[in-house]
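Along the sequence shown, residues are numbered consecutively beginning with 1.
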Amino acid sequence: MSRPVKLVVPGSHRRVLKDVLPFSAFLTDSFERRHNYLRISLTEKCNLRCQYCMPQEGVTLTPRSHLLTAEELLMLARLFVREGVNKIRLTGGEPLIRPDVLHIIAELRKLEGLKTIAVTTNGMNLTRLLPSLKKAGVDLLNISLDTLVPAKFELITRRKGFHKVMEGIEKAIEMGYNPVKVNCVVMRGLNEDEVIDFVSLTERKPLDVRFIEYMPFDGNRWNFKMMVSYQEMLDCLKQKWPNLEPVPGEETDTAKGFRVPGFRGQLGFITSMSEHFCGSCNRLRITADGNLKVCLFGNSEVSLRDFLRSGATEEELLHIIGAAVGRKKKQHAGMFNISQMKNRPMILIGGALLSTTKFRDSTLQFARHCHSKTPECGFDLKIPHTDAQSSSLDGTSEQLTHTDAHGKASMVNVGSKAVTSRTAMACGKIILGPKAFNLVCANQLAKGDALAVAQLAGIMGAKQASSLIPLCHPLPLDHASVSIELLEEEHAVIVKATCQTTGRTGVEMEALTAVAVATLTLYDMCKSVSHDIVITDIKLLSKTGGQRGDFHRSPDS
């Protein structure tokens, strides 16, 4: 897979030229943002209890059997790298407490096209593990440290260990990491008075100290008054160093970089709250329990783990990923709205959440069940049947084509038909009622993003039509798409599906199956809040490319 080309322009920031080479459509969203950076949480566990990361009462950890295994994690990583991801960051919890972390890194290092492996750590185990981490292939290190005062460290993290973290930073410098990035979450009344001390560390050390605006997450009791904005921190530093100068960066950088002239290191500000950088976001996240998050601050997730364990193929996974990426919003909701939204605690996200999307692809399971029981279905699939029936003026047959002369069910023999390009479109309506409709629109259902899941289920249903419908021919689909329209006045959702193939028989059954599965999925997602849900008007809208001619119907007829 081709990668974007980096070009250094004299006197300008370095930029990623978006239109030089093609990039995976599955990792490109509707705003043309290309996601080549994947963050993978290795564990939800941590040996610290930072106030901004973990609720005071702790979190309920996901059962071990629900977490991604090393094999599942590596399979997903290979898929993303094949599509264009060239940087992977391992996070947690605390990633270095996972027993097989070195094995995972070594296997990631073998992936062709993966340029950078980074680790974000609290530094507690870094001194001991760093030689092995470097040997396994870690390129970049980010170390979390919010204070230079040992007693305050214990207050913030609810644990001892300040000197271990400082030893880890020194060890990283000693082993040649340059720069060593230090992440500092700045909170008013706690450590905003230390920003000058942190910058002073960059005078003689190759550090990149990054000040992070305090962000709202579930359980951290975020308060706007505790947030110290980027501009306030910058004004404070300029009083000390008036000649503080900006450092050019890449288009997709999260930090606004600065340097004190003559200092060995530099500093930066991650301004997620006061000046978001959503327009250049190139990051995706996979949580330790296998959920894909396209936005750190969004509460929408898709369980790749569940699809994996249901036996989804790589192609199906790519469509799932592509649909999720395609629904990524232009920007996050803003700090005040985010503070009111239900999201995971940061520790369960993976560096910047308890699973909300537990969708399992029952369609795949049912399809395989039906497909494996051909003898018991009561149909004789061995009797050949010719397609010699006469046709009426409207292009339809005068008799049923799926029964033989004795009235038994029989699959049509399409061997003599011409191979043509065939397309079909179908639609259907599901009336949700006001309560369910409003929750769907606000993406506030307990099961997760109903529209995204329905869209994915519809596409997968189209691909399984021949398994679900006994006498339907299996077809290689050239294309399948599902679109969703919200009708506010009727509290209804219109689902449309389009399927295309190059073959000897049409794809109307695939399009109709896609609509049926998508509407049934919406029903399943919404049934906990309403039983007054009606699925209606599933119908074929158009069919082209067949030997009996084309068919078109008005959506309103």
side-chain contact (heavy atoms from CB on, under 4.5 Å) between T254 and R210, intermediate numbers included: CA-CA 10 Å; T254 59; R210 292 138 60 89; 4.0 Å; yes
Using 30° and 60° as the class boundaries, would you call the ring planes of Y230 and F258 parallel, tilted or perpendicular? tilted
Say whether, by atom type as modelled, one donor and one acceptor occur between the side chain of R49 and the main chain of T157 under 3.5 angstrom. no
Minimum heavy-atom distance between F211 and L237, given as atom pair plus value: CE1-CD1, 4.3 Å
Let me confirm one number: the CD1-CD distance from I321 to E316, rounded to the nearest 0.5 Å. 12.0 Å
Counting only N and O atoms by type, is there a donor-acceptor contact under 3.5 Å from the side chain of H35 to the main-chain atoms of L27? yes
Any donor-acceptor pair under 3.5 Å from R305 side chain to D289 backbone: yes
Determine yes or no for a side-chain-to-main-chain donor-acceptor pair under 3.5 angstrom, with K328 supplying the side chain and V294 the backbone. yes
Does E251 offer a backbone N or O that forms a donor-acceptor pair with the side chain of S280 under 3.5 Å? yes
Heavy-atom nearest pair, H103 first then A70, reads CD2-CB, 4.4 Å
Closest non-hydrogen contact found for P95 with L90 is CG-O, 3.8 Å
To the nearest 0.5 angstrom, please state how far the CG atom of L267 sits from the CE atom of M233. 10.0 Å
May I ask you to check whether D235 and Q231 show a side-chain donor-acceptor distance below 3.5 Å? yes
Distance-only, no hydrogens or angles: does the T28 side chain make a donor-acceptor pair with backbone N or O of R33 under 3.5 Å? no
Measure across L126 and L133 and return the closest heavy-atom pair with its distance rounded to 0.1 Å. CD1-CD1, 4.0 Å
To the nearest 0.5 Å, atom CG of L190 lies from atom CG of D146 at 8.0 Å
Side-chain donor/acceptor of E167 to backbone N/O of T127, under 3.5 Å: no
Do the side-chain N and O atoms of E94 and T121 include a donor-acceptor pair separated by under 3.5 angstrom? yes
Is it the case that over 12 heavy atoms from other parts of the model lie below 6.0 angstrom from the NZ atom of K205? no
Exceeds 12 heavy-atom contacts within 6.0 angstrom, atom NZ of K164: no
E72/R309 salt bridge by N-O under 4.0 Å criterion: yes
When rounded to the nearest 0.5 angstrom, what is the spacing between CG in N36 and CD1 in I88? 11.0 Å
Mark yes or no for whether R109, through its side chain, and K135, through its backbone, hold a donor-acceptor pair below 3.5 Å. no
How far does CG of L96 sit from OG of S132, to the nearest 0.5 angstrom? 11.0 Å
How close do M187 and E192 get, heavy atom to heavy atom, and via which atoms? O-OE1, 3.4 Å
Quick check: closest heavy atoms across T202 and L207, and the distance to 0.1 Å? CG2-O, 3.9 Å
Pair T287, E301: side-chain N/O donor-acceptor within cut-off below 3.5 Å: no
Going by side-chain contact (heavy atoms from CB on, under 4.5 Å), E213 matches just one of V185, T271, I270. Which one? T271
Regarding D197 and K240, does a basic nitrogen lie under 4.0 Å from an acidic carboxylate oxygen? no
Presence of salt bridge, K171 and E174, under 4.0 angstrom: yes
Atom pair CD/CG of Q266 and D208 - distance to nearest 0.5 Å: 4.5 Å
